[in-house]
Amino acid sequence: VESSIPEHMREAWRKYSPQGFKTKDEFEGEVVRHIETTLARSLFNCDELAAYSGTSLAFRDRLIIDWNKTQQRQTFADQKRIYYLSLEFLMGRALDNAMLNVGLKGVAKEGLEDLGFRVEDIISQEHDAALGNGGLGRLAACFLDSLASLNYPAWGYGLRYRYGIFKQEIENGYQVEIPDYWLDFNPWEFPRHDVTVDVQFYGWVNKYTDDEGKQVVSWQDGELVTATAYDAPVPGYGTPTVNNLRLWSSKASSGEFDFSKFNSGEYESAVADQQRAETISAVLYPNDNLERGKELRLKQQYFWCAASLHDIVRRFKKTGRTWDEFPDQVAIQLNDTHPTLAIVELQRILIDKEGLEWPKAWDIVTKTFGYTNHTVLPEALEKWSVPLIQNLLPRHLQLIYEINLYFLQQVERRFPKDRDLLSRVSIIEESTPKMVRMAYLAIVGSHKVNGVAELHSDLIKTTIFKDFVTVYGPDKFTNVTNGITPRRWLHQANPRLSELIASKLGGYDFLKDLTLLNKLEPFIDDKDFKKEWAEIKYANKVRLAQHILKTTGVSVNPKALFDVQVKRIHEYKRQQLNIFGVIHRYITLKGLSAEERKKVAPRVSIFGGKAAPGYWMAKTIIHLINKVGEVINNDPEIGDALKVIFLEDYNVSKAEIIVPASDISEHISTAGTEASGTSNMKFVLNGGLVIGTLDGANIEITREIGEQNIFLFGNLSEDVEDLRHHHFYGNYQVDSELQKVFDLIKSGKFGDESAFGALIAAITEHGDYYLVSDDFDSYRKTQDLIDETFKNQEEWVTKSITSVARMGFFTSDRCINEYADTIWNIEPLAVADEKEA
Ligand code: TH1
């Protein structure tokens, strides 16, 4: 490996190369040093935030030493790397994760005690890195954890948003959005002011023949924006591998462009240009499963794709290999269609800059890319208008048309005279204005397309991508069922459960091979074990009850059944079905005598999740939940029998408190709408049971844990279309039990009924697209069954333990190994000194 320091002068480097702390004393020394020098504080003004900062810097030093070695090792090994392109990385907090992965949380706990702090208080000082909306962003974060833990040479590429997902507050029952400015002090990032890329926008395409008679294409006179790299270390668990997450930040280019303005005295407008450039990486778009076609979003996408591709190509070129080796060195995975422009950008580099012939370049491109689809919802499928792309990226539009031409010619050769097929698979939709169908471009430019759960992967083959199965055959389409990292979602979020499991399994190996959990099954009749299992769940519920009291002022009974639905608020996820069910339960309870009421299993219905700021229906659902809560929680007749809680600002670190504390969680999307879902996996792995529809990964969870351990209800995906056709528009009669719920809402019991009219009208007047009326009866009856089952705690705990024992399949390690084997064709890089966890 090339080095900037000549061999005979490296002695001093080797002598002083830092090792990082290992013992408690060394840890304390590092923390104090950072607090007093890096932060310029002292023991006289060291608050918890300063202690958090000092602790983080000490751990960061350790990680960065391993990070450097990992990067050197990977460069030296020179094997294929995987680049994961995602507009979202929902990382949550880093410190706790770093402590556990390095294996020194115990040392930190004792060291912090010596210094006058409690480790939990220090950990909770950290602001979540919330650079994502929900499942898609959190999946990317779990993947990074698995890639590092399995020693794959891997990089994540994303945007360094100044504002992550907004912070949610509830005022008078309404969602209010507060900007999430999270970068004030972030010890986990390394600015790389020497790693920059100039990215071009606008301009025009100049085609000419040069002196040697060669065709030259030049995209010129555009506006330049500079991308600066910010790196965050991604530590693996129980391994010295520390991979890199590289996030790009935008600022005006320091190139010729703005200088002219400064010189001609247009100072203010030069500053305005600067700010306009910085806008590109300013804010995460807060829509989950919705695409709105805004120009700034397209700018974000290209800015990030161009910078990342440039970086990847630069690294490849250093190896001195020839271009046909590119796909043997580089795999790029597209997290949904958001990075599809990377396909066009690589083709542009190969054609316009490197002078390759089209077929050769395109062969390299398609061998390099893989595309993951995460949704079939039509409103989430990206389409960009041709005039918009023409203006912003004129050269790319030409290339897209050329890609389409070659593709359609290929289709025509195989299916002559099928003009309908040609227009159906065309990357360009012939509408006004014309639109570029990004998913089609992603399919054509990739060698594999995968869905994220079995049902979903089948659905894309028979619905939205049907014609592409005709064109390419079925083998281009595959399934990789999602997974979650057991490090964060079991070991970190639920340390007592992890410890109990380790005590039975003889160590923590299960955190690296989750299938070992099946060794719990023999303990299913072990009385003491079951008792401890139940106690841990109870303790987690007590902790959540304290959090609820502190944040909402409502006191809930930890002995009650905790029924949780936390996820983005969306009509297809059907929080409205849940709250209608709660209202029905309230009506039933009100009809009982005080004696009878004492016999029902008390329940706490817990909701959490953000609505996209422009999604009015979702906001109405939040409003209804809060108003229903106000009424029920203050009804003296009801007492502990029913409480309804809306938890503000659901995010990753709150999930770490909520998930281990649930008895039942709700995954009740209309069948065929939730591609996978991943929180379903987190809840079951923590010993919670599930009420769910036959949708997404629920189906595979059922197959693994057994039908007797999950509460399934509702219509099947294959019947959804038919059922929709049977709904009447205008004055559709729902069954009498659901009608009672509507009547109570309309009576004004929960406040101004006109506020909630739209939720009812969606069902009775507008075709009930999400089949709430069709599934309500089955939902209610299943909830009654849950009440009955919960009364038998013995049986309940058996289901809980059995389920956890059978969850091994859903680790993101399995998922990443499948991607590596079937899509990326990459191998882990062996590490000599694997650490014991
Ligand atoms: C989610 C899916 O809704 C969910 O079912 C799945 O488990 C998760 O991805 C991970 O695969 C999606 N999130 C988004 C976000 C955007 C656009 C599409 C999807 S699909 C912005």
Could you check whether any side-chain N or O of [X] sits under 3.5 Å from a backbone N or O of [Y], counting only pairs where one atom can act as donor and the other as acceptor?
{"X": "T485", "Y": "C142", "answer": "no"}
{"X": "D128", "Y": "S653", "answer": "yes"}
{"X": "R162", "Y": "L183", "answer": "no"}
{"X": "S250", "Y": "A277", "answer": "yes"}
{"X": "Q200", "Y": "L224", "answer": "no"}
{"X": "D66", "Y": "V242", "answer": "no"}
{"X": "E126", "Y": "G92", "answer": "no"}
{"X": "R93", "Y": "S124", "answer": "yes"}
{"X": "S812", "Y": "I484", "answer": "yes"}
{"X": "K80", "Y": "W824", "answer": "yes"}

Tell me, do [X] and [Y] make a side-chain contact under 4.5 Å, heavy atoms counted?
{"X": "L131", "Y": "R160", "answer": "no"}
{"X": "R138", "Y": "R488", "answer": "yes"}
{"X": "L150", "Y": "P828", "answer": "no"}
{"X": "R395", "Y": "I351", "answer": "yes"}
{"X": "L115", "Y": "E28", "answer": "yes"}
{"X": "S53", "Y": "P187", "answer": "no"}
{"X": "K69", "Y": "P240", "answer": "no"}
{"X": "Q125", "Y": "L95", "answer": "no"}

Is a salt bridge present between [X] and [Y], judged by a nitrogen-to-oxygen distance below 4.0 Å?
{"X": "R62", "Y": "E30", "value": "no"}
{"X": "E120", "Y": "R118", "value": "yes"}
{"X": "D114", "Y": "K24", "value": "yes"}

Closest heavy-atom pair and its distance - [X], [Y]:
{"X": "K105", "Y": "D96", "value": "NZ-OD1, 2.9 Å"}
{"X": "G483", "Y": "C815", "value": "N-SG, 4.0 Å"}
{"X": "Q301", "Y": "H338", "value": "CD-O, 3.2 Å"}
{"X": "A141", "Y": "M91", "value": "CB-SD, 3.6 Å"}
{"X": "P233", "Y": "L63", "value": "CG-CD1, 4.2 Å"}
{"X": "F326", "Y": "L346", "value": "CE2-CD2, 3.8 Å"}

Please check if any side-chain donor atom of [X] sits under 3.5 Å from a side-chain acceptor atom of [Y], or the reverse.
{"X": "D184", "Y": "H127", "answer": "no"}
{"X": "E325", "Y": "T322", "answer": "yes"}
{"X": "Y84", "Y": "N335", "answer": "yes"}
{"X": "N243", "Y": "Q74", "answer": "yes"}

R348 and K353: side-chain contact (heavy atoms from CB on, under 4.5 Å), yes or no, with the steps?
-> CA-CA 7 Å; R348 185 180 78 88; K353 306 232 175 253; 4.0 Å; yes
Measuring from atom [atom1] of [X] to atom [atom2] of [Y], what distance do you get when rounded to the nearest 0.5 angstrom?
{"X": "I816", "Y": "Q333", "atom1": "CD1", "atom2": "CD", "answer": "9.0 Å"}
{"X": "D513", "Y": "R814", "atom1": "CG", "atom2": "CZ", "answer": "12.5 Å"}
{"X": "L49", "Y": "R41", "atom1": "CG", "atom2": "CZ", "answer": "7.0 Å"}
{"X": "L57", "Y": "W188", "atom1": "CG", "atom2": "CH2", "answer": "8.0 Å"}
{"X": "L159", "Y": "S281", "atom1": "CG", "atom2": "OG", "answer": "6.5 Å"}
{"X": "D273", "Y": "S253", "atom1": "CG", "atom2": "OG", "answer": "11.0 Å"}

Evaluation steps, side-chain contact (heavy atoms from CB on, under 4.5 Å), between E26 and Q19 = CA-CA 11 Å; E26 288 167 354; Q19 302 299 309; over 6 Å; no
Enumerate donor-acceptor pairs with a distance under 3.5 Å from any side-chain N or O in residues 307-318 to protein atoms, sequence neighbours excluded.
{"unit_1": "S308", "atom_1": "OG", "unit_2": "W248", "atom_2": "NE1", "d": "3.1"}
{"unit_1": "S308", "atom_1": "OG", "unit_2": "W304", "atom_2": "O", "d": "2.7"}
{"unit_1": "D311", "atom_1": "OD1", "unit_2": "R246", "atom_2": "NH1", "d": "3.3"}
{"unit_1": "D311", "atom_1": "OD1", "unit_2": "R314", "atom_2": "NH2", "d": "2.6"}
{"unit_1": "D311", "atom_1": "OD2", "unit_2": "Y157", "atom_2": "OH", "d": "2.5"}
{"unit_1": "D311", "atom_1": "OD2", "unit_2": "R246", "atom_2": "NH1", "d": "2.7"}
{"unit_1": "D311", "atom_1": "OD2", "unit_2": "R315", "atom_2": "NH2", "d": "3.0"}
{"unit_1": "R315", "atom_1": "NH1", "unit_2": "Y83", "atom_2": "OH", "d": "3.1"}
{"unit_1": "R315", "atom_1": "NH1", "unit_2": "Y157", "atom_2": "OH", "d": "3.3"}
{"unit_1": "R315", "atom_1": "NH2", "unit_2": "Y157", "atom_2": "OH", "d": "3.3"}
{"unit_1": "K317", "atom_1": "NZ", "unit_2": "E354", "atom_2": "OE2", "d": "2.6"}

E113 CD: over 12 foreign heavy atoms closer than 6.0 Å |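 More than 12 within 6.0 Å, yes.
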Kindly check if the number of other-residue, nucleotide or ligand heavy atoms within 6.0 Å of CD (E827) is above 12?
->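 Atom CD in E827 is not packed in, count stays at 12 or less.
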Only distances under 3.5 Å count here; give the side-chain donor-acceptor pairs of residues 355-364 to other protein atoms, sequence neighbours excluded, each with its distance to 0.1 Å.
{"unit_1": "K360", "atom_1": "NZ", "unit_2": "D324", "atom_2": "OD2", "d": "3.0"}
{"unit_1": "D363", "atom_1": "OD2", "unit_2": "K367", "atom_2": "NZ", "d": "3.0"}

Tell me, with the steps shown, if F59 and L104 meet side-chain contact (heavy atoms from CB on, under 4.5 Å).
-> CA-CA 9 Å; F59 271 94; L104 289 172; 4.1 Å; yes
T372 and I823: side-chain contact (heavy atoms from CB on, under 4.5 Å), yes or no, with the steps?
-> CA-CA 11 Å; T372 306; I823 300 179; over 6 Å; no
For Y163 and Y181, run ring pair (Phe, Tyr, Trp, His ring centres under 6.0 Å): C-alpha distance rounded to whole Å, both residues' side-chain angles, the deciding distance at 0.1 Å, then the answer.
-> CA-CA 5 Å; Y163 298 92; Y181 185 82; 5.6 Å; yes
Salt bridge (Lys or Arg N to Asp or Glu O under 4.0 Å) between D78 and R321, worked out | CA-CA 11 Å; D78 197 25; R321 291 170 190 265; 2.5 Å; yes
